[in-house]
Participant: 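Dumping the structure here so I can ask a few things about it.
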Amino acid sequence: MDIIANIKKEIASVIENAIIELEKKGEISFGEEGFNQEIETEIPKEKKNGDFSSNIAMKITKLVKKPPVVTANLLLDNFKLENTYIEKAEIAGPGFINFYLKKDWLYDSLKTICDMGEDYGKVNVGNGEKIVVEYVSANPTGPMHMGNARGGVIGDVLANVLKCAGYDVTKEFYINDAGAQIEKFGKSLEARYMQKILGEDAFEFPEDGYQGEDIGVHAQNYIDINGDKLVNMESSERQKALIDYALPINIEGLKTGLANYKIHYDVWFPESIIHNNGEVKETIEELKKSSLTYEKDGALWLKATEFGCEKDEVLIRQNGIPTYFAVDIAYHRNKFEKRNFSRAINIWGADHHGHVARMKGAMEAVGISGDRLDVIIMQLVRLMRNNEVARMSKRTGKMITLSDLIEEIGVDAARFFFNLRQAGSHLDFDLDLAVAQNSENPVFYVQYAHARIASIINSLKEEGIDIKSHKDVDLSLLNKQEEYDLIEKIAQYPQEITISAQTEDPSRITRYVLDVASSFHTFYNAPDCRVKCEDEKLMASRLLMINCVKTVIGNALNLLGIDAPEKM
């Protein structure tokens, strides 16, 4: 349940009924089409302008042929506010109508949180729409890096938010287990294998091969198990044997690493499936039917310039092998046509920005609306330590990997910090701040608020003071401004879920729970707002209220994949 959404509907209904009444009286007219305007409400930036505001009088001024202020006053005179949360309405500025609510809505919010508990925040704006969210999808040829770390939490939290908002969501990892990068992987493994047996000078390492230490480790482990039995094989057979050995290990490593990052997928989709079942060839044939392809220099091209790209793209190389782009089109076609997802959301790095228009256009070319594909482009991350860019891993001497990061700062800090800003903004990740045990560290600040509330509740429980049902508590005793502000903030949680889902911006939830923690600490530090006090009725009301705050913080942290500790 979303009480704010219900209040907005209530305000819209009051306005619409007033318009109907004015039309009956002949004081305004919308002609033959009648009134068909959307009635919008928003929360004013300043409290003095009420709890909600509507610009409807200005929106319809041309239709009713009256000045906005005149229209607003006519509406106001015909408002029926009985049995609503609205206490009064006033005209402001050029014709805004400001609505002031009774405090009952705040108290009813607390009752709703008490009744719904862990389900509080769930809404149904998605109506079961079937969505696949694909994120990370790192090549299984080496360890995950910082782009994977940020994209992982953005995709994971977005999927959680969409589920909470009533969408049918599938979390998916696309395994690149075929194509050029796997060929390179095989050649790199072969080179290290042969070098370890015959000597480094006996076998040349490919110029563009994978240089990571893990390649050598795989080669040595294979030798430890199987010896030199591959030495006299054909190169292609040797590479296949090494790939068949190392690739499953790498994929299992990806699964383990992501599980340690609290990311669990519904589907691990191997690229090899669409090669083996003929979907790549089938997709190429569909593209040919669209008249958007042509042959040139022995290759098959897509007329990507027809949908805004700077140049056309190769689909089939001169050697007859499909490009990654062609395979990617087949994969996305699989999402929409084979598995019937209504919408697909991809989390891509900034280096894929130019690929968005190409992929949307390719979808149009195979008869699928490009609007069904949403791509969230995330910007780069800079890891900072001592106000300097942190470049090196202590262990490997390479770029810091996801596992390095988790080992240094923990999962909760990593997930919180990577989702603190919108995906499209650059992020400076302060490693020193992420491990700080003080209020300057935002994840510590939020978790400490949850733990502090738990401590208050447990301390009072030890004294025999339990949380009462809202039916047995006088919530009207909560009348301090700090209490009003705190209740209003936790009442906004379902709205935050709705907006976050609709804008595909999961960082809203991270910033929101930080605001909730701030409102709680303001309440907690106010001299007149002690929970344990001589007035037992007031104490019961405040105890119920902070338990509601604890519920909201806990629900939000759960959505973020972050622990909500009872003690710190």
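For the numbers below, each heavy atom of this structure counts, side chains included, while hydrogens, waters and symmetry mates do not.
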Participant: Would Tyr245 and Asn226 count as having a side-chain donor-acceptor pair, cut-off 3.5 Å?
Facilitator: no

Participant: Checking side-chain polar atoms at under 3.5 Å, does Asn277 have a donor or acceptor matched by the opposite partner on Glu279?
Facilitator: yes

Participant: Side-chain donor-acceptor pair under 3.5 Å between Gln239 and Ser235, yes or no?
Facilitator: yes

Participant: Considering residues at least two apart in sequence or located in another chain, which fulfil the side-chain contact (heavy atoms from CB on, under 4.5 Å) criterion with Asp266?
Facilitator: Lys163, Thr170, Lys171

Participant: Taking atom types as modelled, find out whether Asn346 and Lys335 have a side-chain donor-acceptor pair closer than 3.5 angstrom.
Facilitator: yes

Participant: Write down the atom of Val327, the atom of Ile274, and the distance for their closest heavy-atom approach.
Facilitator: O-CD1, 3.6 Å

Participant: Among pairs that include at least one residue of residues 553-568, which meet side chain to side chain donor-acceptor pair (under 3.5 Å), considering only residues two or more places apart or in two chains?
Facilitator: Lys262-Asp563, Lys550-Glu566

Participant: What closest approach, in Å, do Gly209 and Ser188 show between heavy atoms, and which atom pair accounts for it?
Facilitator: CA-OG, 3.4 Å

Participant: Give, for atom CZ of Phe269 and atom CZ of Phe173, the distance between the pair rounded to the nearest 0.5 Å.
Facilitator: 13.5 Å

Participant: Going by atom types only, do His355 and Asp328 share a side-chain donor-acceptor pair under 3.5 Å?
Facilitator: yes

Participant: Any idea which heavy atoms bring Glu504 and Ile376 closest together, and the distance?
Facilitator: O-CD1, 3.7 Å

Participant: Between Ser519 and Asp515, is there a donor-acceptor pair closer than 3.5 Å when you use the side chain of the first and the backbone of the second?
Facilitator: yes

Participant: Using a 3.5 Å distance criterion without hydrogens, assess whether the side chain of Tyr193 forms a donor-acceptor pair with backbone atoms of Arg238.
Facilitator: no

Participant: Does one side chain, of Gln318 or Asp297, offer a donor that lies under 3.5 Å from an acceptor on the other?
Facilitator: no

Participant: Say whether, by atom type as modelled, one donor and one acceptor occur between the side chain of Arg508 and the main chain of Glu496 under 3.5 angstrom.
Facilitator: no

Participant: Does a donor on one side chain and an acceptor on the other come within less than 3.5 Å for Asn441 and Gln437?
Facilitator: no

Participant: Going by ring-ring contact (aromatic ring centres under 6.0 Å, His included), name the pairs with one or both residues in residues 400-443, residues two or more places apart or in two chains.
Facilitator: Phe417-Phe429, Phe418-Phe429

Participant: Quick check: closest heavy atoms across Phe325 and Leu315, and the distance to 0.1 Å?
Facilitator: CD2-CD2, 4.0 Å

